[in-house]
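Report on one structure; see the data block that follows.
Source: prediction; values computed, not measured.
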Amino acid sequence: MSRRRRTVLVWFGGVVLALALVGALSISRVLQGPGLPTGDRTVAGIGAPVEILFDSLGVPHIWAQSIADAYFGQGYVHATHRLWQMELFRRVSQGRLSEIFGEAAVGTDRFLRTIGLGRAARGSLEILSPEFVSQAEAYAAGVNRALETWDGPLPPEFLLLRAEPEPWTVPLVVALEKIMAWDLAEYQAAMGMGGAREALGDSAVVALLPEYPEWGVTIVDGWPEAGTGQADDRVGPSPPAGPVGVAGREGAQVIPPLPLDTGKGPAFASLPEYTARFLELGSISRASNSWVVGGDRSRSGKPLLANDMHLGLDAPNIWFLVGLHAPGMDVVGMSLPGAPGVVAGHSDAVAWGFTNAYVDDSDLFLERIDPSDSSRYLTPWGSEPFQVREEVITVRGGDDVLHTVRSTRHGPVVVEAEPGGSPEVVAWQWVGFQPARTLEAVVAMNRAPSAQAFVEALADFGNPHQNVVFADTAGDWGYWMAGRIPLRASGRPSSLPLPGWTGAYDWEGTVPFSQHPHVLSPERGYVATANNAQGRDSVANLVTSGGWARPYRAGRISELIEAREAHDAASMAEMQMDLVSRFALRYRSRVSGAFRAAGLEAEAARLEAWDGSAALPSREAALFHAWIRSMSTRLRQAFYDGGGGYFPLYMVEKVLDSRPGPDSLDVLAAREAATAADDRAWGEVHTLTLDHPLSGIPILSGLAGFGRDRIARELSLIHI
C-alpha cells in the first residue's frame, strides 16, 4: 500500500472516529462539558451544606457557613467547569505533557523539568501558615469531591486523549502561583539580548537596551516637570534631531564585560516548540490597565477603581468569575481554576486591581566550566560541583526519556555547553524559585476590612510582581507595588547575561516592602498604572533596567481622568472602551509624510485627518500599523545585516526619534504598507484567535468547538 493511500486511510479513520465520538456525546454535551451544573445546587461541604447559586450572568456564588466550606465549594465548581484547564496546569507544573501529547511535547517537558515549577512550589509549603494549608486542603477536597461524584463522561479533551484526572493536592494549589509568575520574568528577553550580543558584539547591542523616555508619565511621580510638550498635548515632545544615547545617561544600566577574550559564547536558545503556549496558560503578562480615582474626583465622593487585565485570550479563558460568601468573607471577582480565593475583584470593604509591574526579577548568568573538571564550575571562591538530578519523562507511544538537570549557585542550567564550543553554560536565577506566600496573601486580601489591612496582607505577595491599586468603602485609596525586588551587588539590573564567576552581579537580598514604590491618596486625586515606570527615584532604578511598557496607555488614561472634574461609573466604563492610540498620534505626521513622499497623496491625507482611533471600520488604523510593521521588519533586517534576531518594537521608536524623515526607508515602508493594508478596515486585519491545545486537529476542532479564529477586535487602550 502506498504512503499516500495509508495517509488518506488514517485521516479518514480519524474523521470517522471523531464524528462517531461527537455523535455519541452530542454536540451540546461536547461543547458544555459533561458534569456541568445546569442550575443552582447544594453539595455536602466539610462541616455543613454549601449552596451554589448562579446569577443572571451565569456567575456562581458560593454560600457557606465557614470559610473552609466556601473554598470547598469553590474547588467543586472549578472542577465541574474547568477540569481540563486544571489538568493542563498540573502537567505544566510537573513537566508531564508528554504523557498525553507524546513525543512532540518532550522538548517542552525537558524545559519544564529543568526550571522545576512544581519543585519550587513544594518549597513554599515550608513557610505557609497552618491556617492557609487547611484552607487549601478544603479547596482540594472540593475538587476531589467533584471527581468522586462525576456523572457522565469526562470533558471531551480527556476522552480524545484517553487521559484520566488525578486527585488535586495542596502542592498543585501552590504551583499555580509559579505558573502565573513565569511569563512575567524577563527570561525570553534576556535570551534574545544574549543572542544579539553574541551575533553583533557590544557596540551594536547597546542600541537594543531598553530605556524609558524622559517625557513618559510615571505611576508615583505623575507627569515629569519638564519635557512633556505643550500643556494640552501630552503625547510627548517632538522627536529630537540627533541620536538618542543610552550608555552615557546618568542611571543607565552598565554593560557587563564580555566573559571571554576569544571564542564564541553559548548558544542562547529560544523556548522549545509549544512551551510558550502551555506556560501562558497562567500568564498575567501582556499589557494591563488600572486606575483609581479619589473621592475629590468622584461624583459620589467615594473612590472609584477600574481594572482591565489584558491577558492572552484562549479557550477556556484563564479567569473564572466567582462569588464567595461566608462569615468573615464576602468577595466577588476573578479566580484562577486550581486555587482558592479571588485574585482581583472586590469585597464588601475593599476593591483592588493589578497590572504587571515589569520588575526585572531574574538574571541569566554565564557560568564558566572548570577547565580541569567539567563536572565543576568557577565561583569567586574557587571551583564548585554542579548540583545534578535526574528525572524520567514518560512519553506516550514512545520510550521513557532520562533527563538530567544541572544547577549552579544561581539556579538551573538552561543552556548547556555545546561539544567543542563555549566553555560556559547559562544558569537562570529567578525570584519565583524562592518560597513565597502569594496565595496566602490573596486570601487575606479577600478578607481585609480596610485599605490599611489590605496593604498589610499585600506584604506577603511574593510573586508575580504587580502594580496594585486599591480603595475601601471608608474612602481610603492608593497604590503599592507588590512582589520581590532583588538587590544586586552591581546596584541595578541588567538586560544582558552576566558573568557568574565574579560575584559582581550576585543578589544580596530584596528591597523591603515598605520601600517599594507606593503612594496613598496623592494630591492629584488619582493613580493610573499601565505597566509604565513606577517613578524616577533610586528605588525605581532597582525595579528594572528600563524595560517598562511604553507610556502611551498610561498617558491616555491620565489624560481622560484629567478631562473631567468628577467621574462616575459611566465615565470609567467609557474610559475602558476608549480606542484612541497615543502611539499613533505621536507618529501620525511622520507616517503621513512617508506616504506623501511615496506619492500616495490620498493615503497621506487620510492619515493626517485621522484622530488616532482604532475602531473596527478604521482604514487609517490598518494603514498606520501596516507601515509600522513594515518599518520594523526592514529595520531588523538592516540591524542584523539581512538576518534576524531580537528586535523589540521600541527599536522602531528609537530610530524614528533619532533621525528626521521621511527617507528612502520610510518611502519603501509606505509602498509596502499600502499594498499590505489593501484599503481594508482595522477589523479585517486585526483579528483574534481563541486558541485551544487541541484546536490544531482538523475536522474535530470545528465539530467540538476547540477555539475560534478571525474574530475582529478593536484597540481599547491596549497599544504598547
Side-chain angles (χ1 to χ4, degrees), residues 6 10 13-14 17 83-123 125 144 147 154-176 178-179 182 187 266-267 269-282 338 374-375 385-408 411-419 425-428 430 432-433 692-694 696-697:
R6 286 198 302 270
V10 169
L17 176 62
L83 189 60
W84 167 246
Q85 181 181 15
M86 294 169 64
E87 181 67 18
L88 286 184
F89 282 150
R90 176 210 308 279
R91 293 186 178 275
V92 165
S93 71
Q94 298 174 342
R96 295 174 54 200
L97 294 165
S98 300
E99 293 179 12
I100 56 175
F101 292 112
E103 188 175 350
V106 170
T108 295
D109 275 348
R110 282 186 180 275
F111 180 80
L112 294 172
R113 298 290 183 100
T114 297
I115 63 174
L117 299 178
R119 288 173 57 87
R122 289 194 294 274
L125 296 176
N144 296 331
L147 297 179
L154 290 168
E157 296 91 344
F158 288 93
L159 299 177
L160 292 170
L161 296 171
R162 295 174 310 198
E164 291 287 337
E166 300 171 12
W168 205 251
T169 64
V170 174
L172 290 172
V173 169
V174 182
L176 265 290
K178 304 301 182 183
I179 297 175
W182 148 256
Y187 179 87
S270 58
L271 291 174
E273 190 177 8
Y274 309 120
T275 303
R277 174 186 292 187
F278 284 117
L279 282 171
E280 287 170 4
L281 292 168
S374 61
S375 68
F386 286 97
Q387 300 172 27
V388 181
R389 72 175 189 271
E390 291 187 340
E391 300 192 14
V392 176
I393 299 173
T394 301
V395 183
R396 182 172 193 166
D399 296 332
D400 290 351
V401 174
L402 181 64
H403 179 61
T404 301
V405 180
R406 296 201 297 174
S407 298
T408 73
V413 173
V414 291
V415 178
E416 287 282 1
E418 297 181 356
V425 298
V426 181
W428 187 43
W430 177 43
F433 292 138
H692 183 283
L694 301 185
I697 301 177

Any side-chain heavy-atom pair from Tyr187 and Val414 closer than 4.5 angstrom?
-> yes
For residues Phe101 and Val395, determine if any side-chain heavy atom of one lies less than 4.5 Å from a side-chain heavy atom of the other.
-> no
Pairwise side-chain contact, Leu117 with Ile179, heavy-atom cut-off 4.5 Å (strictly under) | yes
With Thr169 via side-chain contact (heavy atoms from CB on, under 4.5 Å) - residues at least two apart | Pro171, Leu172
Are Val425 and Val415 side-chain neighbours, meaning at least one heavy-atom pair lies under 4.5 Å?
-> no
Test side-chain hydrogen bond (donor to acceptor under 3.5 Å, both in side chains) applied to Trp428 - qualifying residues, sequence neighbours left out | Ser362
side-chain contact (heavy atoms from CB on, under 4.5 Å) evaluation trace for Val405 with Val388 = CA-CA 6 Å; Val405 180; Val388 181; over 6 Å; no
Pairs involving residues 395-404, ordered by first then second residue, that meet salt bridge (charged side-chain N to carboxylate O under 4.0 Å, His left out) (sequence neighbours left out) | none
Donor-acceptor pairs under 3.5 Å, side chain of residues 92-100 to any protein atom, not counting sequence neighbours: which ones?
from: Ser93; atom 1: OG; to: Phe89; atom 2: O; distance (Å): 3.4
from: Ser93; atom 1: OG; to: Arg90; atom 2: O; distance (Å): 2.8
from: Gln94; atom 1: OE1; to: Arg96; atom 2: NH1; distance (Å): 2.7
from: Arg96; atom 1: NE; to: Glu99; atom 2: OE1; distance (Å): 3.3
from: Arg96; atom 1: NE; to: Glu99; atom 2: OE2; distance (Å): 3.0
from: Arg96; atom 1: NH1; to: Glu166; atom 2: OE1; distance (Å): 3.3
from: Arg96; atom 1: NH2; to: Glu99; atom 2: OE1; distance (Å): 3.0
from: Arg96; atom 1: NH2; to: Glu166; atom 2: OE2; distance (Å): 2.7
from: Ser98; atom 1: OG; to: Ala105; atom 2: O; distance (Å): 3.3
from: Ser98; atom 1: OG; to: Val106; atom 2: N; distance (Å): 3.3
from: Ser98; atom 1: OG; to: Asp109; atom 2: OD2; distance (Å): 2.7
from: Glu99; atom 1: OE1; to: Arg91; atom 2: NH1; distance (Å): 3.1

Minimal non-hydrogen separation, Gly411 against Ala427, with atom names = O-CB, 3.7 Å
Is the backbone of Gly338 close enough, under 3.5 Å, to the side chain of Trp168 for a donor and an acceptor to pair up by distance?
-> yes
Any donor-acceptor pair under 3.5 Å from Arg113 side chain to Thr404 backbone = no
May I ask you to test the Pro412-Phe433 pair for a side-chain heavy-atom distance under 4.5 Å?
-> yes
Heavy-atom closest pair (Trp430 atom, Lys178 atom, distance to 0.1 Å) is CH2-O, 3.7 Å
Set of side-chain contact (heavy atoms from CB on, under 4.5 Å) partners for Pro165, sequence neighbours left out | Leu83, Glu87, Leu147, Leu154, Phe158
Side-chain contact test, heavy atoms from C-beta onward, threshold under 4.5 Å: evaluate it for Val401 versus Arg110 and give yes or no.
-> yes
Calculate, to the nearest 0.5 Å, the distance between atoms CZ and CZ belonging to Phe386 and Arg406 respectively.
-> 4.0 Å
Sequence neighbours left out, what passes salt bridge (Lys or Arg N to Asp or Glu O under 4.0 Å) with Arg389? Give chain and number order.
-> Glu391
